Each structure stands twice: as structure tokens, then as C-alpha cells.
Q: 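Below is a structure I'd like to ask you about.
The sequence lines fix the lettering, A, B, ..., with proteins before strands; numbering per chain opens at 1. These figures come from a predicted structure and were not determined experimentally.
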Amino acid sequence: MAASSSTFTRNPTSIATSFNSKLSLSLFSPRSIKLPYIHPQPIIKPLGSHARPLPVLRATATPSAESTNATTFHGICYVVGDNIDTDQIIPAEYLTLVPSNPAEYEKLGSYALIGLPASYETRFIEPNEMKTKYSIVIGGDNFGCGSSREHAPVSLGAAGVAAVVAESYARIFFRNSVSTGEIYPLESEVRICEECKTGDVVTIELAESRLINHTTGKEYKLKPIGDAGPVIEAGGIFAYARKTGMIPLQSG
Amino acid sequence: MTEKILARASEKPQLSPGENIWINVDTLMTHDVFGPGSIGIFKREFGENAKVWDREKVVIIPDHYIFTTDERANRNVDILRDFCLEQNIKYFYDIKDLSDFKVNPDYKGVCHVALAQEGHCRPGEVLLGTDSHTCTAGAFGQFATGIGNTDAGFVLGTGKLLLKVPPTLLFVMDGEMPDYLLVKDLILQIIGEISVSGATYKSMEFVGTTVESLNMEERMTLCNMVVEAGGKNGVVSADSTTFKYLEDKTSVPYEPVYSDEQARFLSEYRFDISKLEPLVAKPHSPDNRALARECKDVKIDRVFIGYCTGGKTEDFMAAAKVFLNSDKKVKVPTFLVPAAQKSWMDLFSIPVPGSGGKTCSQIFEEAGCDTPANPSCSACMGRPKDTYARMNKPMVCLSTANRNFPGRMGHKEGQIYLASPYTAAAPALTGYVTDPREFLH
């Protein structure tokens, strides 16, 4: 389709980007394409086969007063440990569900983190529920390691997670989170997973890169999401590319 | 080497680690689990009538959820077929008759092994696949890594992807390989050394006299587990071994790429192979390294020899050698899962050296192993519940696969030990984790 060929003949010039943190991937800012900086603002998309639930629309049916807008997430957190691999996030037996099918997308969400061992006594999603009451997941090192399955960030997003805050990520999981726009993969500076408990009420202020745990009263600095932010905000790599003119808008 | 391959793919003279670049993709691989998702995204974003960027550069290999009655799994292979017909995809290794894989002339088996056997892995090229173990192909001196469905959908439409150039870790392995060690032991040693996140976002380059002595299947085993250390990709320089392997498999011209003399590496690790001992990775992580001989009190319930990491012809020959030397029967159920059609056929045809003409299959049968199964990913990932040999209740399993995270093979409380084919065959005979030197004098 013409969409692809016209835009990519002008290869962006080499971008030498230096990073403060090893994982802040400034993946999506080719210099030769001029973009206004897109200030985060709530974006309402009509529900249809193209739409994915965005933070704004993430209204879970729980009384825990979870509210979000694109710059702040507020809710209760679920804490996991190090090396949570994608088999634990979404076991292989559920991979026959195809996320681009809306009904299967919902079903996928209901299985998020079902692979966690029995040592996690409080389960992420109650049996018979389709969504989670925990909109924020707090993890340790190497979150999302293992298989490349994109179903992992997708199931978390479908379940109602707005953001994951981990010490570090495995690369494919991080990439998939950004490309799909399903969740914000945020990084903490310290091991927040050891200082927070499942059920703590937290707020994440994206613009200030800050997490506040209201239950303990402590605040934590997060690493800035950088250029990956606008991509997730837009709803993923394709939506971002269309929004910024990298590829033409779809007709119809 | 990775920097040079990516430089060529992005049409730039030179690159440094950290740069974000658009690269041209030479080959995109997908299979039955992530293919339908990628196709769905491709159609949604580029349009129902869109065409893939190059019908000869997309390779579609059903292999993961094949021999099952699960309707959705079978539907997914149908989705692949419909897409291939519509797009006139040149390389589609189809399977229609599930009752007997042999009557499907195109079906090959596990994608990573099939890619190599069908000549799709070529030095100097860029191969992307919707599977984390796509890094296996780095054995051919190319840049090969795994991506998700959305990225794959993007590549299907444009043939390009935005990637960041990784820095490289150098692993120098010298010394003659003792006859009780296999490549699996080497990579378990490395992962144990640097941990499951030690190579995150980095490239792993393997050099040294030991590496040069490995054949292609061994190099594939080495690169297969790069992702288990968090690695972005792994590479082994292409040499005469590579060229010979490719001679009868591909006529597409290729140009190998080599690291410069003054290439810079982030860190360097050196190993004297002659001093290493057989290893296992204990539950529940590939970096939970331990000496096999120190785990001899661990009772096991079953053994798996197979999959992309340990189900190639060479791997079975190694296991057969152990059984041959012992001349005894296995004490626990021992499952054999060849990675590909060719591996399966070799099991039944190639004589094992020193056996007086017996094939692997005969040796396995005499030892009391299960009949070799249909080539596929099988129980490695605990797929649909009716998968052959899936772990449906908690037990201790010794496997030649590449991951042992909780629930990997089915049951969440199952315990999986990872090992080389030697170190998997020996325990089959004793019922406990065993150092294979007991059977390999």
C-alpha cells in the first residue's frame, strides 16, 4: 500500500542519542520528521475495532476509586518480584487467543498474571472477574523476560493495568509495551517492590516522573519515559505514526 | 559484527551502540502462535487489501500448537494458510493432515531449525521473527532477533523497522571440548555467570578456538539461549563450516560481515573450556546454574530430549551415545521430540558411531524410551492441554529445552531442570540428576 513506500524512502539521518538511563529508549523521534511536542491530553476514541482502551477509558468496575487521566494514574498496586517472565504473565495455553479480535482481547485480559505461582496468595484477578482492581503493577528486576509474546503487555492492558513500575525490563517486553501502547513501562530508581505492598494506594505523576505511595507516605523518583511516552499516549506505534504524519491517515 | 551488519542494513557507513536506526529487513519469520496476531495488525493498519512488502522475504512456519484437538489452535494454522494463499507467500511450510506429519511434504517442524535447514539463514543479513528464540540464527553470522506482533505487522507492510544498535559483549571460549561436555553446558555456564539479565539490550559475540570447532547445529544451540541472558542477539562468525552447510541449501548470494580488528566491546569474558564440568540449570531460572554432580540427590520423574535447543540430529546422537554405553533401560518415562522432519528422519536412518550400525531410534527403543514424537514445540511451553507429554501435575522434569520458569511446561508447581543431551540421558538411566561422565568413560 502506498502508505508505506512514500514515507520510508526518506530515511532519517543517523540519530546518535545518548542516554542517562540504559533503558530509556528514544525509539520514535527521527530527526528529519518535524513534530510538535505533543502535550499529553486525554484522547477519547470511539470504541470500535480500532480502539484499544486508553488510560482515560480504563474504568474498572471496582469501588477503589481508580481514576486516571493521561498524566496521572491513581489506584491500588499489585506487587511482584524479580524476573517475572511472560509465561507467568500469560501462560502459553492462552496464546491461541488473537488480540485483534475484541472478544478474545477481553478474554486475554481475564488471564493476566494467572501464571504466578501459588505463593502469591492474593490473586491479580478474582475468579469470575474479567478485569483487575489493581491498575498499577510494581515489579523488580528484568520484568517481562522470557518469550517474546506480545500477549503479555496486551493482557495486562486488557485487564485494566495503566502502568507497570519495575526496576528494569527485558527488551522485547518493553518494546512490545510501547509499540502496542497498552501500558506504560516505567522504571524506578530503587527497588520499590520491596517497599510497597499489594493493596497500597499509589499515584503516578507521569510528567513529574514520580510515584507516591499514600499508604506508606513515601515518594519515589521514576526514570522519565522519554520519547516512548507520546507513542504509548497515542495508542501505539501505528497510531503515533499516523498522528504525527509519518504515515498517512487511513481512509475509512 | 552486529554494528556492521546493522550499518549495511540501514545503508549507513558506520554505527555506534545506542543509535536508533531504520533497517531493511531481509527475512521476516512468523509461526502459528503469533502469525495470526501479526496478520491481524497488518490488515488493520495497512488495509484489508494491502500486500506484504515482499512475498519472498516472509517465511511462515506453523510449529508450536500443531498436534492438538484445540480448535482455536487449528484455526490459527488455517488463518496462516488463507493469508499465504491471498498474498502468494513463497515460503509456507504447511501442515494439513494432523494424524501423520509425514504425509505433509511441506511441514518442517520447529521454526528455528527449519529456517536453517531450508537455507533462510544467511551471513550478513537481518532476520526478524515473532519468537524470542529467533536469535538462534545468529549462528550463521547474521543479525537475528525476536519482535512482537505489532512490530511484525509493521515489517509486513514496510519491510523496515526502527531498532537501537546494541553494544556487544565478547565471549572468548578456548580449549578443547572435553568429550563429556556439549554446547548446552557452555551456554548454561555463560548464563549462570552473567545472569538472566546480564546481556539485556546487548549483543553476544562468541569467538575462540572452541567456537570455531563447533558445527552449525552446535552453534545454533549456543545462540538459541542468548535470549535467556536477556540478549538482543548473538553472533558467531561465518566460516568454512557455515559455507559448507549452506552450499546445498540456498542459492541466494550473501556477503558475510566480520568484526574489525579494533572493534570495541562493552566487556569481555574468557572461558577455558577444558576446565568446565557438566551443568544443570535448577528450577526456576536458566541462570540457576549448578554442577550436575552436585545434584545427584534430586529424584526426577521424567526426561525430555528434544526441542529447538536439544532436538536436532546432533543432540540425539549424543543422547544415543550415553544409552549405548550403558546398555541399560531407562528408569523414568523418557520423551523424545525431534525439532524437525529432517531430525526425525535422521533418528531412524543415520547409524550411531560405535553401535555396529544401529540407528538412534533403535538404541532409544532398546533403552525403553517413548517413541519419537511428531516434530513440533510440543510440551516445551505447556501449550494446549492435550499436548504430547505436557506436565499436567507437579513433577520434576529434566529437559534439554531452554526455559524452566514456573509453569513453563504446564503445571505451575512443576520443577524443570535444564541440561545438555548427555546430562539428560544419564539421569534417564538412573532416575536421579546424574553427571554423564558416569556413562562416558
Q: If I take atom CZ from residue B:R72 and atom CD from residue A:E93, how far apart are they, to the nearest 0.5 angstrom?
A: 10.5 Å
Q: Quick check: closest heavy atoms across A:C145 and B:F405, and the distance to 0.1 Å?
A: SG-CZ, 4.0 Å
Q: Report which part of A:L116 has an atom under 4.5 Å of a heavy atom belonging to chain B: side chain, backbone, both, or neither.
A: backbone
Q: Once rounded to the nearest 0.5 Å, what's the spacing between atom CG of B:D151 and atom OG of A:S148?
A: 10.5 Å
Q: Closest heavy-atom contact between A:T96 and B:R75?
A: O-NH2, 3.1 Å
Q: Taking A:R149 for its side chain and B:V33 for its backbone only, find out whether a donor-acceptor pair lies under 3.5 Å.
A: no
Q: Output yes when A:D85 and B:R403 qualify as a salt bridge under the 4.0 Å nitrogen-oxygen rule, no when they do not.
A: no
Q: Does any part of the side chain of B:S197, heavy atoms only, come nearer than 4.5 Å to the side chain of A:D141, both counted from C-beta?
A: yes
Q: Crowded around B:R264 CZ? As in, over 12 foreign heavy atoms under 6.0 Å?
A: no
Q: Heavy atoms only, distances under 4.5 angstrom: which of B:I39, B:N402, B:D131 has the most pairs with chain A? Name it, please.
A: B:D131
Q: Is it the backbone or the side chain of B:E413 that comes under 4.5 Å from a heavy atom of chain A, or both, or neither?
A: side chain
Q: Would a 4.5 Å heavy-atom cut-off, applied to side chains only, mark B:T150 and A:E182 as touching?
A: no
Q: For a quick test of reading the model, state the closest non-hydrogen atom pair linking B:G40 to A:S100 and the distance between them.
A: CA-OG, 3.7 Å
Q: List the atom of A:N176, the atom of B:I147, and the distance in Å for their closest heavy-atom pair.
A: OD1-C, 4.4 Å
Q: Of all the heavy-atom pairs spanning A:Y169 and B:Y201, show the shortest one and how long it is.
A: O-CE1, 4.1 Å
Q: Kindly indicate whether the side chain of B:L163, heavy atoms from C-beta on, has any atom under 4.5 Å from the side chain of A:R175.
A: yes
Q: Between A:A118 and chain B, with a heavy-atom cut-off of 4.5 Å, which part of the residue counts as in contact: side chain, backbone, both or neither?
A: both
Q: Go through the atoms of B:I23 and report whether side chain, backbone, both or neither lie under 4.5 Å from a heavy atom of chain A.
A: neither
Q: Check whether B:N149 gets within reach of chain A through its side chain, its backbone, both or neither, counting any heavy atom under 4.5 Å.
A: both
Q: So which of B:I79, B:N76, B:V165 has the largest heavy-atom pair count under 4.5 angstrom toward chain A?
A: B:N76
Q: For B:S132 and A:I172, what are the C-alpha separation, side-chain angles and deciding distance, and is it a side-chain contact (heavy atoms from CB on, under 4.5 Å)?
A: CA-CA 8 Å; B:S132 58; A:I172 307 180; 4.1 Å; yes
Q: If the plane angle is over 60° it's perpendicular, under 30° parallel, otherwise tilted; pick one for A:F238 and B:F154.
A: tilted
Q: Would you call the rings of A:H151 and B:F34 parallel, tilted or perpendicular if under 30° counts as parallel and over 60° as perpendicular?
A: tilted
Q: Considering only heavy atoms, which portion of B:T130 lies under 4.5 Å from any heavy atom of chain A: side chain, backbone, both, or neither?
A: backbone
Q: NZ of B:K282: more than 12 outside heavy atoms within 6.0 angstrom?
A: no
Q: Any side-chain to backbone donor/acceptor pair from A:Q88 onto B:P406? Under 3.5 Å, distance only.
A: no
